[in-house]
Amino acid sequence: MAVQLAETAPPPAKASPSSSVMAHAFKDAVITGLIALGLFTPLIGFETVIIDGALGLDYRPGTLAVMVGIIFVGRLLLNLTVWSPNRKPSVRSGPTIFDRAGTTIGPAVKPLLLAFAVGFPFIAAFAMGGMNESRYLIDLGILILTYVMLGWGLNIVVGLAGLLDLGYVAFYAVGAYTYALLATSAPINDFFAGFLGETFWANWAFWICLPMAGVFAGMWGMMLGFPVLRLRGDYLAIVTLAFGEIIRLVLINWVDFTGGGAGIASIPRATFFGVPFTAGENGFAALFGLQFNPMHRIIFLYFVILALALITAFATVRLRRLPVGRAWEALREDEIACRSLGINTTNVKLSAFATGAMFGGFAGCFFAVRAGFVSPESFTFDISAMILAIVVLGGMGSQIGVAVAAAVMIGGMEMLRNLGFLNQIFGGDFDPSLYRMLIFGFAMVAIMVWKPRGLVSTRAPTIFLKERKAVSGDHVKEGHG
Amino acid sequence: MAPSPSPAAAGLPNWEADPILAVEHLFMRFGGLIAVNDLSFKVGRGDITALIGPNGAGKTTVFNCITGFYKPSEGRLVLAHGHAPTAEELARVTLIGERALVGRKSSVYLLERMPDYRVSGEAKVARTFQNIRLFTGMTVLENLMVAQHNTLMVASGFSLKGLFGLPGWNAAQRAATEKAKYWMEKVGLTDRADDPAGDLPYGAQRRLEIARAMCSDPILLCLDEPAAGLNPRESLELNNLLRSVRAEHGTSILLIEHDMSVVMEISDHVVVLDYGTKISDGTPEAVKNDPRVIAAYLGVDEDAVEEVEAEIDAEIAAHSTGAHS
Amino acid sequence: MDVFIQQLINGLTLGSIYGLIAIGYTMVFGIIGMVNFAHGDVFMVSSFIALICFLLVTTVLGITSIFLALAIVLVVAMFFTSLTNWAIERVAYRPLRGSFRLAPMISAIGMSIFLANFVQVSQGPRNKPVPPMVTDVIVLMDNNGYQVTLAWKQVIIMVVTAVLLMGFWYLVQKTSLGRAQRAVEQDRKMAALLGINVDHTISLTFVIGAALAAVAGVMYLMYYGVAHFADGFVPGVKAFTAAVLGGIGSLPGAVLGGLLIGLIEVFWSAYFSIEYKDVAAFSILAITLIFMPQGLLGRPEVEKV
C-alpha cells in the first residue's frame, strides 16, 4: 500500500505535451460527469408529483442532461485553466488585497463607507427620481444594516472571545418580543400609561423599550451562557443551537403569552423622539413644515438602525482597547494561560455573551418596530446560520470585513428575488426566489473552501509602542470555547 | 512550628525558618494512579527552589496542584504573605473552612481551596507552562497588558469609565504600559514590542512568558522547565534573569528543571521527586551527593554512583567556566 | 399498563431509526472530530431517493411483492445516498481538512441548507405521501377494546436495524477497515506514515454513515409514509442528541442513545405534551452536554494543562 499523507501535495507540474493534458482533463471531466449523473439521477431525473391524490412520477431527462452537462463542461474548463498542470502555481504570501483593505487603506475606506451610509437615502432618492420610488432601496439598506449590526454583535462572541454561538437568533427574538409584548399587552400598557402618562407612553414606547430590550437580551445571554461555561468548540455550538431552538419552540407553543405561531401584530410604530409620523397637526411633517410623506418614517428608521449599528461598532472598538476586550481576545488565544494570570474566565465569557446578546436585543427591538409584526417564523436557525456566515466570511474579529460580508450576502440574496427576467429563459413557472436559500447554502460551502479565514484574516493590535502592525491570521487562534 | 521564627534561628535553613509555601502531605490520585504520594516540602521566602526528578515523577502535577489547576486529593498548601503563620493561626483558618486569612501585614492562603484564577490573582502565585502558552495572535505588548488585567479592570471602572473615556483610566493604562516596557527591556524584547508573540523565536517566547508572569506582580513565581529547548547562551541569560528577578523584586522562585547546569548554578534549595514521593531535599550540594538521587536518575546501583558524580561535577565545571569566559 | 407497552413498542421503533442516523454522526465525529451538520439532511435525501425508487419499482416495474420491493429500495437508496455523502465529503469537507476549525462546521451548515433547498426545488415543497406499505398488525393484548399492537413494519424496522448493526459491528471491529478507522481516529499523521490511506478511510466512513442513514430513511418512509424536504433538521438533531447521550465516538452508545431518545420522545408525547416533544429533545441534548459531556458510554476527557 502506498504511503499517502493526509495532505498530499498535487503531483509536480511537469511540462507535458498538451495532448496528454487534454486527454487527462477530458477523462477526469467524464468521470466527474458520471458521478454527477449518479448524484442527480434520482432527485433531478425524476419528480414526485401528486396526481388525483396519489403519488406518481414525472420524468425530467432534459433537466438531468443539462445539469450533468454543466458539471462536465465546468470541470473540463477548470481542468484546462485553473487546475491545469501547465499553469504556474501562484505563489501568494503575505496579506491578501482584502487584508490590506482592512488594515492599511482601511482608515481611508472607513470614512468613505460611513459617508456613503449616511448619504444613502438621499443618493437612493436622487437615483430613483423621488422619495417614494426609493422605498425598495432604503428598505434594502435597512435590512443590510440590521445584519451588519447583528454581525458586529455576534462578532464579539465568536470573533473576539472565540465562543461559537449558533443560537444568536434567540437574543434577536428576545429583543423583538420584548418590544412587541411591552407595547401591545394591555396590562403593561395600562401600567406604563398610568405611570408615565397616556400620550407620553404612546409616543415614547419604542424609545423606552429599546434599552429594555437590550438589557433583557443581555440577561438572557448571561442566563444561557452560564450553563455552557465548561463547554468547548462544537459542543458549545450545539448547545447554543439547542437553546435557540428551545426559545423558538416556546414562542410557538406558549400561545397565551406570545400569541403562538400567529405572532403579535399591530406593534406601535417608532416616533421621532415623541413626534409621530402622522399627517396630523402634531405629526413630524407638520412640525418641520414638510409635506406629509410616509417615506419620512422609513428614512428615519434607516437612520435609527444606522445609529444603532454605529453604536455597536464604536462600543466594540472601545471595548477591545479596554481590559475586558483584551481578556476576550486572550480567552480566544489561550484560556488556561488566562487563568494563570488571575483572569476569572467565567466572568470574561459571561461578559462576552451578555454584550453580544445585548446588541442582538437592540437589533431585535428595531426589527419589531420596523416590521410592526413579530412571529417565531422570523427567528429560525437559518438566521443564526446567516449571521454566523457573515461573521466568518467577513473574517472573525474584523469590523469592516463583517460589514462588507453583510452587504454582499444580504444584497446578493435580495438580488436573487429580482431575477424575474429568468422566467423568460426557463419558462413561466420558474420562481427564482425559491433558489435563494439553495444558492445561499452553496455559497457558504464555496466561500469556506475558497477562504476559510474570511475576507480580512489579519488582526489589528489594540495597543502599540512604535507602530501598529497587523497580526497575520496564521498566529491568531480561533478559540476552543 | 515556633511562633514568628527569626530567619537565623538555630541555624535552620531558610526554607524551614521562613517558608513562603508549605506543601503538606499532598496526594494526587487519577483514578487508580497515584501521581503524588504524601509529598511535603517547603519553599523558602526569597529562595530559588528547584523541583527535580526523572520524567513522570509527578513534578508538573505538583505544580498544577499549587497553581490551582488541579484540586489535590488530599493535603494542604499553605502560602504566606508577610511572615509565616503560627500554628494556631493556621489551625484556625483550616478549621473555619475559609480559603484565606487576609491581614494587614501578613496573610495566609490555603491554595488547595482556591480555583486557579484566584491562586494567581489573590495569592499572587504566577506560573509558566512546559509547552509555552502565549497569546500567539496578540503582540508582545498586548501579552504583557493582559497580565495586568485585574489591576486595569478596576482602573477602568469595570469598563464603564474606560468606555466613556473618563479620567483615571488613561493614567492607569499609561502606568501599565510603563511596567510592560520595563519587563520588555528586562527580557530584551523592546524591539519586538509590536510583533505577535507567535512570531518570536523559541527562546524569546520563553522569556516573554516569564515577563508576562512577572507583570502580574507575583510573590512566588513557578516556572515549569524554563530552560527546556534553550541553547547554553540562552540558559545563561535565563540564570541571570532569574537572579535579578529575585534580587530586584524579592520574588521567590520555584522551578522544575531538567537542565542540571541551571539547577545547580542558581538554586538555593533542591527537592527531588521520584514516583510521586520525595526522595531528597536540601542544598544543591547535599542533593547532588545523595546516592538515592543518583540511583533514581540513572537506575544504577551504588557502584556506579561515583562515576555519575564525577560526570555531573565535570558538566557543572564546564558550564561555569563557559559562564565566566 | 397497556398504553405503556404500546408506547414502549413505538418508542423502540422510533429509537431504532434514530440510532441508525446517530451512527453516522458518531463515526464522523470520531474520525475527523467534526459535527456533520448535513447528516440529518442526508437522511432526508435518502428518504426521497427511497420514495422515488419505490414508485419506480411498484408502478413502472410492476413488482407486487412488497418485501422484494422494499429490499430493492433499500439497496438502491443505500447506494445513491452513499454516493451523495461521498461527494459531499469530497467537495465540502476534504478541502478544509486541517484548516481553521470553524470552516468545516460552516461548510456543513451550508451543505445542510443546500440539501434541504435542493430537495425543495427539485421535488417541490409539499408533503409526499406514499400508500401504506405493510399494514398488518399483531394484536398482543386486548384490554376492553384498547388493543396493544405490534405492527409488522415495526418488526421489520427492529429486525433490519439489529441485523445491520451486527454486520456493521463486525465491519468495524474485525476487519482491516475498522482497524484503519480506529488508527486514523487516534493519530492521522502516524496512520498515514504506517501506510493507511487516510483519505480513503475517511471517505469510507462517510459512505458507511450514509448507508445506515439510508436504511433509516427507508424505514422512516415505510413507517410514517411521508417524505418532506424539511424533515432532515429535527430528526438530525435528535439523532445527534442520541449520539451525544450515548457518548460520542462510541458505536454501541449511539444505538443505546437512539433507543433512549426514541423512548423519551414517545413517552413524553404520550404522558406530557406533544407540543413540547421537540423542546424535550433539545433540552436533553443541552443537559447531557452540560452535565455529562462524555455521555453514557464515552470516555471522559481530562483537561490538559
Side-chain angles (χ1 to χ4, degrees), chain A residues 1-8 35 38-39 41-44 46-50 54-57 158 164 227-228 230-231 233-235 237-239 241-243 245-246 249-250 252-253 336 381-382 385 388-389 392 396 434-435 437-438 440-445 447-449 452-453 478 480, chain C residues 34-35 45 48-49 51-53 55-56 59 80 83-84 87 91-92 95-103 105-107 109-114 117-124 126 128-131 188-189 192-193 195 197-199 233 240 275-276 278-279 282-283 285-286 289-290 293 305:
Chain A
M1 204 188 288
V3 174
Q4 192 180 7
L5 282 169
E7 291 86 19
T8 28
I35 292 170
L39 286 174
T41 297
L43 292 177
I44 294 185
F46 300 97
E47 185 182 12
T48 47
V49 284
I50 299 171
L55 207 56
L57 278 181
V158 179
L164 191 45
V228 300
R230 290 185 306 163
L231 296 177
D234 291 356
Y235 277 13
I238 300 285
V239 173
L241 184 159
F243 283 157
E245 285 295 300
I246 289 172
L249 290 167
V250 169
I252 292 177
N253 288 308
I336 287 172
F381 171 67
D382 286 352
L388 185 65
V392 175
M396 299 206 320
L434 270 182
Y435 292 79
M437 290 309 284
L438 181 76
F440 170 66
F442 182 77
M444 268 172 88
V445 176
I447 286 163
M448 279 303 104
V449 172
R453 276 189 170 266
E478 54 189 316
H480 33 205
Chain C
M34 137 189 191
V35 179
V45 164
F48 267 91
I49 294 174
L51 171 65
I52 287 164
C53 180
L55 290 173
L56 270 180
T59 58
F80 280 105
L83 183 69
T84 308
V91 171
L96 295 170
R97 208 177 291 154
S99 140
F100 205 44
R101 185 181 54 83
L102 259 178
M105 174 168 234
I106 307 283
S107 188
I109 293 173
M111 194 40 94
S112 158
I113 295 174
F114 175 79
N117 286 279
F118 178 72
V119 172
Q120 185 191 9
V121 167
S122 64
Q123 298 296 326
R126 289 167 66 182
K128 303 286 167 158
V130 278
R188 202 182 298 163
K189 282 234 165 66
L193 287 171
N197 189 334
V198 171
D199 282 343
F233 182 69
F240 179 75
E275 286 88 16
Y276 283 95
D278 290 351
V279 174
F282 283 115
S283 306
L285 175 62
L289 281 175
I290 291 165
V305 177

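The sequence lines fix the lettering, A, B, ..., with proteins before strands; numbering per chain opens at 1. Computed from a predicted structure; not experimentally measured.
- In this structure, the portions of C:Met111 lying under 4.5 Å from any heavy atom of chain A include both its backbone and its side chain.
- In this structure the side chain of C:Ile113 never reaches within 4.5 angstrom of the side chain of A:Phe442, judged on heavy atoms.
- In this structure, chain A has a heavy atom under 4.5 Å from the side chain of C:Leu96, while its backbone stays farther away.
- Nearest approach of A:Val445 to C:Gly110, heavy atoms of both residues: CG2-C, 3.8 Å.
- Of the listed residues (C:Leu51, C:Val119, C:Ile106), the greatest number of heavy-atom pairs within a distance under 4.5 Å of chain A belongs to C:Ile106.
- For the atom pair OH (C:Tyr276) and CG (A:Asn253), the distance works out to 4.5 Å, reported to the nearest 0.5 Å.
- Annotation for A:Ile246 and C:Ser283: closest pair CD1-OG, 3.7 Å, computed over non-hydrogen atoms.
- Rounding to the nearest 0.5 Å places CZ of C:Phe80 at 5.5 Å from OG1 of A:Thr41.
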Between C:Val35 and A:Tyr235, is the side chain to side chain contact (heavy atoms under 4.5 Å, CB included) condition met? List the steps.
CA-CA 9 Å; C:Val35 179; A:Tyr235 277 13; 5.7 Å; no
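- Each of A:Ala443, A:Pro227, A:Ala385 has some count of heavy-atom pairs under 4.5 Å with chain C, and the biggest count is that of A:Pro227.
- Most heavy-atom pairs under 4.5 Å with chain A: of the set C:Thr59, C:Leu56, C:Val45, this distinction falls to C:Leu56.
- Contacts of C:Asp278 classified as salt bridge (charged side-chain N to carboxylate O under 4.0 Å, His left out), with partners at least two apart in sequence or in another chain: C:Lys238.
- With rounding to the nearest 0.5 Å, the separation of CZ in C:Phe282 from CG in A:Leu241 is 6.5 Å.
- The two residues C:Ala87 and A:Leu39 make their nearest non-hydrogen contact at CB-CD1, 3.7 Å.
- With a threshold of 4.5 angstrom between heavy atoms, C:Pro129 approaches chain A through its backbone and through its side chain.
- Closest approach of A:Val449 and C:Val91 over heavy atoms only: CG2-O, 3.8 Å.
- Checked against side chain to side chain donor-acceptor pair (under 3.5 Å), A:Thr48 has the following partners two or more places apart in sequence or in another chain: C:Gln123, C:Lys128.
- Residues C:Ile52 and A:Pro42 come closest through the heavy atom pair CD1-O, 3.1 Å.
- Looking at A:Ile447, there are no atoms closer than 4.5 Å to chain C (heavy atoms on both sides), in backbone or side chain.
- Only the side chain of A:Val392 comes within contact range of chain C, with heavy atoms under 4.5 Å apart.
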